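Take a look at the structure set out below.
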Amino acid sequence: MYKRKLYLFGLLSTFILLIALASAAVSAHLTRSNLTQAQLAQSLLSEHQQLSSISYRLFKQLTDELIFGKNANQAKVRNKQQQIENSLERIKSLELAQRDALGIEATLGSVEDTDELEALIKSIVEEFREIALSNDKTPLNQQQRLQTLLEVTIDNQFREAINAAVNRQTGVVSRISASIETLNTSIVWFTICLGLITCPFILLGCYWLFHALYQPLTVIRTGTDAIASGNYHYRLPETLDSEFTDLVKALNSMIVRLQEHEDQADAHRKHLEFEVESRTRALKEANNKLTQLDAKRRQFMADVSHELRTPLTIIRGEAQVTLRQAAASNEIYKETLETILEQAINLSKLVDDLLLLARAEMHEFTVDLVKTNLYSLLNQHMPLWQKLTKPRVFNIDWQAQQNLQVLVDKDRIIQVLTILIENAHKYSEINAPISLRIETDSPYIKVSVIDTGEGISSSDLQHVFERFVRLKRKGNGMGLGLSIAKAIAQAHNGTLTAESTLGKGSQFTLALPMLEENTEMQAALPSKK
């Protein structure tokens with residue numbers, strides 16, 4: 001659409017130019033006798049007009065140089081200065097030729113005023129240079145020297161000088177044209193007026209078409225191509241003409257929204273990928289746990305079957321052997337019954353352990369809590385544990401007040417410690433000592449069973465409290481002891497933890513809540529340094 005306008009503008013300009021040339025040709029044909037003088041005068045007038053136009057554009061470019069920097073229009077400035085010098089040379093040459101043709105009276109002041117005009121243009125250019133080199137930091141609109149140059153020297157002196165030259169030459173043209181026939185005069189003035197009107201129109205029209213329309217459209221086209229290619233970081237400059245400001249702002253706003261949507265989509269996509277990955281990982285972990293639980297269940301069924309089969313086989317065998325005897329003595333019957341009773345007790349203990357874990361899992365396991373002196377409770381069962389760990393060294397490392405009171409189920413707590421001591425005895429060398437250490441770590445009282453055995457690996461340590469786990473096949477049992485101990489500790493609102501280092505031993509710590517009176521008493525004690 002804009003190209004069509006450009007073509008139309010070119011045709012119109014060409015048509016106007018053809019009219020001017022036709023008018024000049026008619027005038028030349030009608031005024032053959034005065035053609036030389038008219039052409040000379042007209043050329044001189046055109047040179048003055050051209051000089052005026054070039055000079056004003058030079059002043060504009062020098063002004064732009066003050067605004068945008070001294071290197072902004074150097075090439076254009078040099079070009080305009082050369083054009084002005086060439087134009088002045090032509091004007092001088094034409095004025096001398098005109099003076100020779102028309103005489104001094106008809107051209108009085110023309111040559112002399114041209115010299116003054118040349119000096120004035122040089123002084124204006126030199127003033128621009130001095131202002132540029134002065135490095136004045138004052139805003140341009142507040143610099144008195146620049147205002148004087150623009151308003152006085154250029155607007156008044158230069159304009160009056162150039163207008164005077166143009167008016168003088170116009171008078172010469174008028175005097176020459178007075179001798180031409182009326183029709184020729186009309187055509188000549190028509191051509192001159194048409195030229196004066198159309199030249200600025202053509203220049204301004206071209207500038208408007210190429211800079212006010214075509215250049216902004218090129219910028220917008222570049223921006224839309226960038227948007228179409230997915231470059232949402234691109235921003236159109238908002239320094240275009242006012243006609244394009246709203247469009248540019250709308251496009252930039254659209255780019256911002258597209259960028260936000262793209263960022264949101266990317267964030268949602270990454271979040272979805274993360275969620276899928278997390279869920280997949282959780283499903284894999286759950287599947288692995290289910291696989292492990294199923295394997296443990298199968299192993300548990302096998303172990304339970306084995307553990308139940310052994311005492312049942314003994315009971316059945318003892319009964320069958322005794323019954324086959326025709327006449328068995330009382331001693332044989334007594335031995336048989338004692339064996340059957342022992343195996344029944346083992347079966348009962350196994351069932352009790354399984355029942356305790358099942359109740360703990362269903363949160364139905366309860367304990368009978370009684371306020372108890374921990375020191376007395378532990379010392380009361382020392383002989384049992386020393387007998388259990390004989391012949392190794394077993395001692396109590398008491399690092400707390402002996403009158404500490406705890407709210408516990410005494411039998412269950414002794415059961416926990418007995419399990420821990422039995423494990424320490426079972427999985428450490430026969431000559432390695434075992435310690436029972438008691439200490440306070442508010443708000444808990446900690447009872448630790450420490451051995452110096454071979455220790456437990458970090459991979460096995462995380463499974464020691466699981467049911468039916470026996471890390472090493474030493475002694476009897478189904479691997480329920482530590483699970484039972486942990487369940488009892490949790491029923492007391494306490495914890496049971498394990499620490500171990502391979503080759504250095506293990507430490508199992510039972511942490512029980514401290515009563516408020518113990519907390520107050522502990523706070524009253526002097527701190528250890």
Side-chain angles (χ1 to χ4, degrees), residues 345 348-349 351-389 393-425 433-451 464-465 467 480-499 506-528:
I345 292 173
S348 177
K349 184 177 182 304
V351 171
D352 289 341
D353 290 342
L354 293 174
L355 181 60
L356 185 150
L357 291 175
R359 288 178 176 174
E361 188 176 82
M362 294 185 294
H363 305 287
E364 295 179 357
F365 177 58
T366 58
V367 290
D368 185 13
L369 300 179
V370 178
K371 188 175 181 180
T372 306
N373 183 284
L374 184 61
Y375 180 80
S376 300
L377 179 63
L378 298 182
N379 278 299
Q380 181 180 351
H381 290 82
M382 273 294 294
L384 170 64
W385 294 328
Q386 287 179 343
K387 180 180 179 181
L388 183 65
T389 58
V393 176
F394 179 80
N395 60 78
I396 293 183
D397 181 12
W398 194 275
Q399 298 183 5
Q401 296 295 318
Q402 294 185 1
N403 57 348
L404 287 177
Q405 300 292 323
V406 290
L407 196 62
V408 296
D409 186 326
K410 294 189 288 185
D411 294 336
R412 291 300 185 184
I413 292 300
I414 294 303
Q415 182 182 359
V416 171
L417 296 178
T418 301
I419 291 171
L420 299 179
I421 293 171
E422 283 182 344
N423 281 349
H425 176 66
I434 297 175
S435 298
L436 186 64
R437 185 172 66 195
I438 297 88
E439 57 187 344
T440 56
D441 185 8
S442 183
Y444 292 102
I445 298 173
K446 293 185 176 180
V447 183
S448 302
V449 177
I450 305 170
D451 65 67
V464 293
F465 293 110
R467 301 176 186 180
L480 299 176
L482 289 177
S483 298
I484 293 172
K486 190 174 184 67
I488 294 173
Q490 292 174 346
H492 283 79
N493 295 323
T495 60
L496 181 60
T497 57
E499 300 176 7
S506 305
Q507 176 177 329
F508 287 82
T509 301
L510 171 65
L512 298 172
M514 185 184 297
L515 294 179
E516 292 185 2
E517 59 189 68
N518 293 329
T519 305
E520 296 173 357
M521 179 179 61
Q522 190 71 18
L525 293 176
S527 60
K528 297 180 180 180

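Nothing fancy with the numbering, it's 1 onward along the sequence. The structure displayed is predicted, hence computed values, not measured ones.
The side-chain contact (heavy atoms from CB on, under 4.5 Å) check on V367 picks up F365, L369, D409, R412, A491, H492, with sequence neighbours excluded. Scored by the side chain to side chain donor-acceptor pair (under 3.5 Å) test, K410 finds no partners at all (sequence neighbours excluded). Looking at residues two or more places apart in sequence or on another chain, you find a side-chain contact (heavy atoms from CB on, under 4.5 Å) between N493 and P513. Annotation: side chain to side chain donor-acceptor pair (under 3.5 Å) contacts of D397 (sequence neighbours excluded): Q399. Among residues two or more places apart in sequence or in another chain, the side-chain contact (heavy atoms from CB on, under 4.5 Å) test is passed with E499 by none. Residues passing the ring-ring contact (aromatic ring centres under 6.0 Å, His included) test with Y375 are W398, sequence neighbours excluded. Residues forming a side chain to side chain donor-acceptor pair (under 3.5 Å) with T418 (at least two apart in sequence, or on another chain): W385. In terms of the side chain to side chain donor-acceptor pair (under 3.5 Å) criterion, residue partners of S376 (sequence neighbours excluded) are, by chain and number, N373.
Checked by atom type and distance alone, the side chain of T509 never pairs as donor or acceptor with a backbone atom of S448 at under 3.5 Å. D451 places a side-chain N or O within donor-acceptor distance of the main-chain N or O of S506, the cut-off being under 3.5 Å.
Partner of V416 under the side-chain contact (heavy atoms from CB on, under 4.5 Å) criterion, chosen from L510, V449, I484, V447: L510.
Counting heavy-atom neighbours within 6.0 Å of Y444 OH, excluding the residue itself, gives a total of 12 or less.
Residue pairs satisfying the salt bridge (Lys or Arg N to Asp or Glu O under 4.0 Å) criterion with at least one member in residues 437-446, sequence neighbours excluded, are listed as follows: R437-E439, D441-K446.
Of the inter-residue distances, the one linking Q490 atom CD with L496 atom CG reads 8.5 Å to the nearest 0.5 angstrom. To the nearest 0.5 Å, atoms CD (Q405) and CG (L377) are separated by 11.0 Å. In this structure, L420 CG and H425 NE2 are separated by 14.5 Å, a value rounded to the nearest 0.5 Å. Distance check: I434 CD1 to I450 CD1 gives 11.0 Å after rounding to the nearest 0.5 Å. Here the CG atom belonging to N403 is positioned 11.0 Å from the CG atom belonging to L374, to the nearest 0.5 angstrom. Rounding to the nearest 0.5 angstrom, the gap separating the CD1 atom in I414 from the CG atom in L384 is 8.5 Å.
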Practice item. Take I438 and L436, measure what side chain to side chain contact (heavy atoms under 4.5 Å, CB included) needs, and give me the verdict at the end. Key: CA-CA 7 Å; I438 297 88; L436 186 64; 4.3 Å; yes

Exercise for review: Just do the side chain to side chain contact (heavy atoms under 4.5 Å, CB included) check on F508 and L482 with the steps written out, would you?
Suggested key: CA-CA 10 Å; F508 287 82; L482 289 177; 4.1 Å; yes

Review point. So L512 and I413, side chain to side chain contact (heavy atoms under 4.5 Å, CB included) or not? Walk me through it.
Key: CA-CA 10 Å; L512 298 172; I413 292 300; 4.0 Å; yes

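Between L404 and A400, the closest heavy-atom pair is CD1-CB, 3.5 Å.
When side chains are defined from C-beta on, V408 does not count as touching V370, because their heavy atoms never get closer than 4.5 Å. Contact check for I421 versus F394: side-chain heavy atoms found under the 4.5 Å cut-off.
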